[in-house]
Amino acid sequence: MRTPTRAAGTSTRRAGWGTYTLLALFSLVSLFPLLWTAVAASRTSTRLAATPPPFRLGRNLPRNLTIAWTDARLGEALANTALVAGAVAAGTVAFSTLAGFAFAKLRFRFKSALLLLVAGTMLIPPQLGVVPLYLLIARLRWTDELQAVVLPSLVSAFGVFFMRQHLQRALPSELLEAARVDGAGTVRTLWHVVLPAARPAMAVLAMLSFVAAWNDFFWPVLALTQTGNPTVQVALTGLGRGYVPDQSVVMAGALLGTLPLLVVLAVFGRHIVGGVMRGAVKGWVKG
Amino acid sequence: MTETRAATEAPAPANPVRPAGPLPPARATRARTRFSPAPYLLLAPFLLLFAAFGLFPLLATAWASLHRVELTAPGQAEWVGLRNYSRLLDDAFFWNALLNTVTIGVLATVPQLLLALGVAQLLDVRLRARGVFRVVALAPYATSVAAATLVFALFFGRDHGMANWLLGTVGFGPVDWQNGPWASRLAVASIVVWRWTGYNALIYLAAMQTVPRELYEAAALDGASRWRQFLHVTLPGLRPALAFTGLVSTIGAVQLFGEPLLYGSGAGASGGADHQFQTLGLYLYEQGWVNLHLGRAAAIAWAMLLILVVAFALVRLLRLLLLPRPKRSGRAA
């Protein structure tokens, strides 16, 4: 499938200096808290409390990072988070692709009812499930275990819709028909016809799920404790509540928790931006 | 959906003529009428997880909300009927949390969406370094709630915070961003605005780029100003995107949890010394995981859903009352 190049849709108006000024201002506001996290993480808490506040990098970054890494166990938390986000992304992509393909191209009983059911749950706040979910993992003795965070996140109604929307357009029915006539079974069709067509959307969904799982907050804070197997977000919660009273160390922790995703964003920036824009327009708005 | 169904059916002739040569595999012609397990097998992993971790908890919350369930003995549940709900109605902290959720929600959602519209409009021109601006717009979205809130809490510190220092340099007195009821809600809302404005702007931008440029040219020929073009061409074209972002940010506002939890640092679940920014999400957490009353937490969860349903019903009603019905004919294309 061809998406029209952005240039075709972009206005022909040229940006004037006013546009650049406003966009520069917007960028400054967007980046300032991040830059300032780095500044605060490189100072001492005494310097942070002085007026005027520091604006340039200091010399304490290695010290603060080390304390955050060891005392707040952020190193361990980062490893946990990478594991969780990786597993969630892989699982979400796999299950959403299979289900999305079935919803996009196959006919079966209760299809529309199922689709409606899945869509309906997208509108329901996750808070509505946490009490029984917690009772469930308590009974399984999974509190503080990473699978307690991974398993519920593998279910992504959004992912199923996203893949369905993509496959409906990217996978011509004639191609499936041809594969069937050639005697390809479901597995071979999946592998040789569906997967190649789904790949671009799978990559986008993988990135979006990874970011979402990395930053997930509510459920991990309930299911994991700071002393068990914390994800970065849970460990940061501990930092923020003053288990480590030094503000500059807290900022070093915030920096450590954010930096990996910012690196991902810098490297895959265009694709993630495209994914957010497409995810909304295709998966939802035009659905 | 109906279009695709028609499309898949179309190539199959009503009365298939058997071509010469080897017989086509029976599956090819009969798969349409015969039961095939394939779709269900493809759906099985998703549906099993969905049932276990999506649907079951949803229904079980209703059950839990009618029981007395304590975190200390989660296995024992005692039927209490609607008592968890009636308690909520008598609970001043519940009403306080509801009010806070609505005020912080409005303070966060309205500026966030308006700003996003403006930013999208700025980005929707021929621009140098367009990609850079777009990636920068997403940087706050990639920042976690926890990291963002910790930075903002430091920024809004009462005695040494940068916000008050900035206010001081322009001649204003310090604001108590932690304890002032409105100042603290504004501060919590500002975290939400910061994180989501760029994300929403990109969604609006994507929608803007699907609006045919000829419409603008035609409007310009008719002598419509930029502003009128925005009102009469851009905004109608954005309607689905506006609905989407409105829906998502409303759901987000009702769920608000991480920001007030961490903004209160030491206070944690109470949402400030005076509960001044305790949201429903935080109140649910306090009831369930601090006071250990899981049954009451479940009742709060249902109350949250009810609020969302009422909010959407109100929007629907307003639309029906205020707007003429959109034409349906355009959708077939």
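Note on naming: letters A, B, ... go to the chains in the order of the sequence lines (proteins, then strands), and numbering restarts at 1 for each one. Keep in mind that what you see is a predicted model, and the values were worked out from it rather than measured. The figures here come from the full heavy-atom set of this structure, side chains too, leaving out hydrogens, waters and symmetry mates.
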Visitor: In terms of heavy-atom proximity below 4.5 Å to chain B, should A:L98 be classed as side chain, backbone, both, or neither?
Guide: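 Backbone plus side chain of A:L98, per the 4.5 Å heavy-atom cut-off to chain B.
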
Visitor: So for A:F268, is it side chain, backbone, both, or neither that comes closer than 4.5 Å to the heavy atoms of chain B?
Guide: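 Looking at A:F268, nothing touches chain B.
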
Visitor: Find the distance between OG1 (A:T37) and CZ (B:F155) and round it off to the nearest 0.5 Å.
Guide: 11.5 Å

Visitor: So do the side chains of B:L308 and A:P125 get within less than 4.5 Å of each other, counting heavy atoms only?
Guide: yes

Visitor: Any idea how B:F133 and A:Y20 line up, ring-wise: parallel (<30°), tilted (30 to 60°), or perpendicular (>60°)?
Guide: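 Rings of B:F133 and A:Y20: tilted, 30 to 60°.
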
Visitor: Just so I know, are the side chains of A:V130 and B:L284 near enough to count as touching, which here means a heavy-atom distance under 4.5 Å?
Guide: yes

Visitor: Under 4.5 Å from any heavy atom of chain B, what part of A:L117 do you find: side chain, backbone, both or neither?
Guide: both

Visitor: Is it the backbone or the side chain of A:T258 that comes under 4.5 Å from a heavy atom of chain B, or both, or neither?
Guide: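 Interface part for A:T258: side chain.
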
Visitor: Is a side-chain N or O of B:W194 found less than 3.5 angstrom from the main chain of A:S30, in a donor-acceptor match?
Guide: yes

Visitor: Measure A:T92 against the heavy atoms of chain B and call it side chain, backbone, both or neither at under 4.5 Å.
Guide: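 For A:T92, there is no contact with chain B at all, as no heavy atom is under 4.5 Å.
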
Visitor: Below 4.5 Å from any heavy atom of chain B, which atoms of A:A40 appear? Answer side chain, backbone, both or neither.
Guide: side chain

Visitor: What is the ring orientation for B:W165 with A:F55, classed by angle as parallel under 30°, tilted 30 to 60°, or perpendicular over 60°?
Guide: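 B:W165 and A:F55: tilted rings.
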
Visitor: At a 4.5 Å cut-off on heavy atoms, which part of A:F218 comes close to chain B: side chain, backbone, both, or neither?
Guide: both

Visitor: Going by heavy atoms in the side chains, are A:L265 and B:Y141 under 4.5 Å from each other?
Guide: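 The answer is no, as the side chains (C-beta and beyond) never meet within the 4.5 Å cut-off.
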
Visitor: With a 4.5 angstrom heavy-atom cut-off, is it the side chain or the backbone of B:V254 that approaches chain A, or both, or neither?
Guide: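 Neither part.
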
Visitor: Using a 4.5 Å cut-off on heavy atoms from C-beta on, say whether the side chain of A:V118 contacts that of B:F50.
Guide: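 Yes, at least one pair of side-chain atoms sits under 4.5 Å.
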
Visitor: Please look at A:P172 and chain B and tell me whether the side chain, the backbone, both or neither of the residue comes under 4.5 angstrom of a heavy atom of that chain.
Guide: neither

Visitor: Can you say whether A:W214 sits under 4.5 Å from chain B via the side chain, the backbone, both, or neither, judging by heavy atoms?
Guide: neither

Visitor: Side chains of A:Q233 and B:V145: closer than 4.5 Å at any heavy-atom pair?
Guide: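 No, side chains not in contact.
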
Visitor: Between A:V273 and chain B, which part of the residue has a heavy atom less than 4.5 Å away: side chain, backbone, both or neither?
Guide: both

Visitor: Can you say whether A:P54 sits under 4.5 Å from chain B via the side chain, the backbone, both, or neither, judging by heavy atoms?
Guide: backbone

Visitor: Do the rings of B:F257 and A:F217 sit parallel, tilted or perpendicular, given the 30° and 60° boundaries?
Guide: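 Correct class here is tilted.
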
Visitor: Under the 3.5 angstrom rule, does the side chain of A:Q127 hit a backbone N or O of B:Q255 as a donor-acceptor pair?
Guide: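 Looks like yes, one N/O pair under 3.5 Å.
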
Visitor: Using non-hydrogen atoms and a 4.5 Å limit, figure out which bit of A:T121 sits close to chain B: side chain, backbone, both or neither.
Guide: side chain

Visitor: Check each atom of A:L48 against the heavy atoms of chain B and say whether the ones under 4.5 Å are side chain, backbone, both or neither.
Guide: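 Looking at A:L48, backbone and side chain both touch chain B.
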
Visitor: Answer with side chain, backbone, both or neither: which region of A:L22 has an atom nearer than 4.5 Å to a non-hydrogen atom of chain B?
Guide: both

